[in-house]
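All remarks here apply to the structure that follows.
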Amino acid sequence: MEISHFSHQHPLTLCLTEDTGEPCNGCSRPIFDLGYVCYDCGFLLHKKCAKLPQKVHHRLHPKHPLDLFFNSSETFKCSVCKKTGSGFAFQCHECKYIMDVTCFLRNQPYLDLPPLEGKTRKLQHFSHNHTLTLCYLTQQSKSNCTGCEEQILGPAYCCKECNQLTLHKSCAQLPRQREHPFHPSHSFTLFTKSPYLPSQTICDACRKIVHGFVYHCDKCSFDLDLVCAYLTPSLKHEKHDDPLTFFEEMKGQVSCNSCGKTCSNNLYRCVSCNFNVHSTCLHFPTPVKHKHHPHSLALKDSAPKDDSSRILCAACEKKISPKAQAYYCAECSYGVHPECVVSEDQDQPDLGKLLEDIARVREELDAIATQLKRGRESVSIKIQHEQERIPTIATVT
């Protein structure tokens, strides 16, 4: 995925970096995992550095908000550790107070975001008695979302009174009632605990035990954990009438409807029909063009040896399983899930089919116009007939 960042003039692409530990241009610390890279000039940023807020309150300097700035040509002295550095730093323009990124993250597990004009940073969640505050959670917080059970790194709603509830901003804003294509017959209600207490809840999409929030259909006892609730069918394939959803991992095994063998990871699945198929049993066009990349992408059954476990999907930012089919660029460390590919050929309409559809619609319109004309003529004849039956009334003088 490409982003534009205020610190650099070129687009930055998210990828898994080399193990050599190239330094981040923002904090000068080595990058061993996720990072944003500029393919034009080699500019690098940690993923967490690229997502730092540009204005924030910090507990070490509570008087004024701190602004994030970037300067690669000049050095600064951190007011906390007294070390000299370059790159990113948080600065108070009124006090000339400067804090480098390392001290900034080390000294505050969560960051209070400054209030926006006309907006509030508070939320009263239906599941909790206390008011939640919008914060920015860092790596040091090591917090998992109460709702989806996934780790939080970024905006989150936290309870500062009891610390018993922490939610991704997106999870905190989920609707109480919703519909989902995995179970289109009925709507779901959001539960914060298992609706079957004391029994556990099993997600009907991935078949894993749900420990967090769950969407529940009380008419069918159909349940979705929040991770699966975020999924939507995205792949239309000739092997099945309905769109399919990619599941990297499921609890237990299901039978592949194509080859008959069992599968539990890297499969495409229609949840409502219980149709399952290995990713390798599906046939995809190759090569294709992706709208976000200049080079052609080739379909591979597994990740290139030099890039195994290193490439993230450029479209959805999720890791591409090394053993699953995916589209890769031979020139760059660039990969895309098959369901995330937007082929330029697929974007172009089929001209022949389009002309056939236009001709069919014209025929239908002509038939409708003919029927309307006949109807008007019939009504006109009936009116004339009724007028002839009405006797002429002479005016008495």
Side-chain angles (χ1 to χ4, degrees), residues 1-54 68-78 80-91 98-108 111 136-142 151-154 290 292-295 297 300 302-322 326-337:
M1 179 180 179
E2 287 189 347
I3 64 168
S4 295
H5 199 270
F6 78 95
S7 65
H8 195 64
Q9 68 270 30
H10 303 139
L12 304 179
T13 304
L14 183 66
C15 67
L16 286 169
T17 59
E18 301 292 335
D19 286 335
T20 53
E22 291 292 324
C24 169
N25 288 91
C27 68
S28 301
R29 297 175 67 86
I31 304 176
F32 291 108
D33 46 17
L34 291 179
Y36 280 96
V37 59
C38 173
Y39 287 119
D40 294 320
C41 62
F43 184 87
L44 288 168
L45 287 179
H46 286 108
K47 183 180 179 182
K48 61 182 180 181
C49 289
K51 293 189 175 184
L52 285 171
Q54 291 187 245
L68 180 66
F69 75 93
F70 176 78
N71 194 329
S72 60
S73 59
E74 297 182 5
T75 60
F76 58 83
K77 186 176 181 179
C78 177
V80 180
C81 65
K82 309 303 179 183
K83 294 181 180 179
T84 301
S86 63
F88 286 154
F90 287 88
Q91 181 179 26
I98 297 178
M99 187 188 305
D100 63 27
V101 173
T102 302
C103 292
F104 175 80
L105 297 175
R106 180 184 296 152
N107 287 280
Q108 188 151 332
L111 312 176
Y136 188 95
L137 295 185
T138 66
Q139 195 76 34
Q140 277 67 33
S141 66
K142 297 181 180 178
Q151 185 180 8
I152 304 177
L153 180 59
H290 189 245
H292 298 305
H293 196 67
H295 307 138
L297 305 180
K300 302 290 183 181
S302 59
K305 293 182 179 180
D306 296 338
D307 291 313
S308 60
S309 76
R310 293 179 181 275
I311 298 181
L312 295 181
C313 177
C316 69
E317 295 189 33
K318 296 180 181 179
K319 183 180 176 181
I320 299 177
S321 175
Y327 285 100
Y328 293 101
C329 175
E331 301 180 45
C332 312
S333 293
Y334 188 95
V336 190
H337 292 120

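- The two residues Pro53 and Phe90 make their nearest non-hydrogen contact at O-CE2, 3.4 Å.
- Nearest heavy-atom pair, Ser7 versus Leu45, reported as atom, atom and distance to 0.1 Å: OG-CD1, 3.9 Å.
- We find the SG-CZ distance between Cys49 and Phe104 to be 10.5 Å, quoted to the nearest 0.5 Å.
- Side chain of His46 to main chain of Pro30: a donor-acceptor pair is present (N/O by atom type, distance under 3.5 Å, no hydrogens or angles).
- Across every non-hydrogen atom of Gln91 and Ile98, the tightest pair is CG-CG1, 4.0 Å.
- Of the possible polar contacts, one joining the His5 side chain to the Ala50 backbone as a donor-acceptor pair under 3.5 Å is found.
- Taken to the nearest 0.5 Å, the CD1 atom of Ile31 stands 10.0 Å off from the NZ atom of Lys48.
- Between Phe88 and Phe6, the ring-plane angle classifies as parallel under the 30° and 60° cut-offs.
- The nearest pair of heavy atoms linking Asp100 to Cys81 is OD2-SG, 3.4 Å.
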Check against side-chain contact (heavy atoms from CB on, under 4.5 Å), Cys329 and Leu297: CA-CA 5 Å; Cys329 175; Leu297 305 180; 3.7 Å; yes
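- Looking only at side-chain heavy atoms (C-beta outward), Cys38 and Leu12 come within less than 4.5 Å of each other.
- Phe76 approaches Ala89 most closely through the heavy-atom pair CZ-CB, 3.5 Å.
- Between Phe70 and Phe43, the ring planes are perpendicular. Angles over 60° get that label, and only those under 30° would be called parallel.
- Scanning both residues, Ser86 and Ser28, for their nearest heavy atoms gives O-OG, 3.9 Å.
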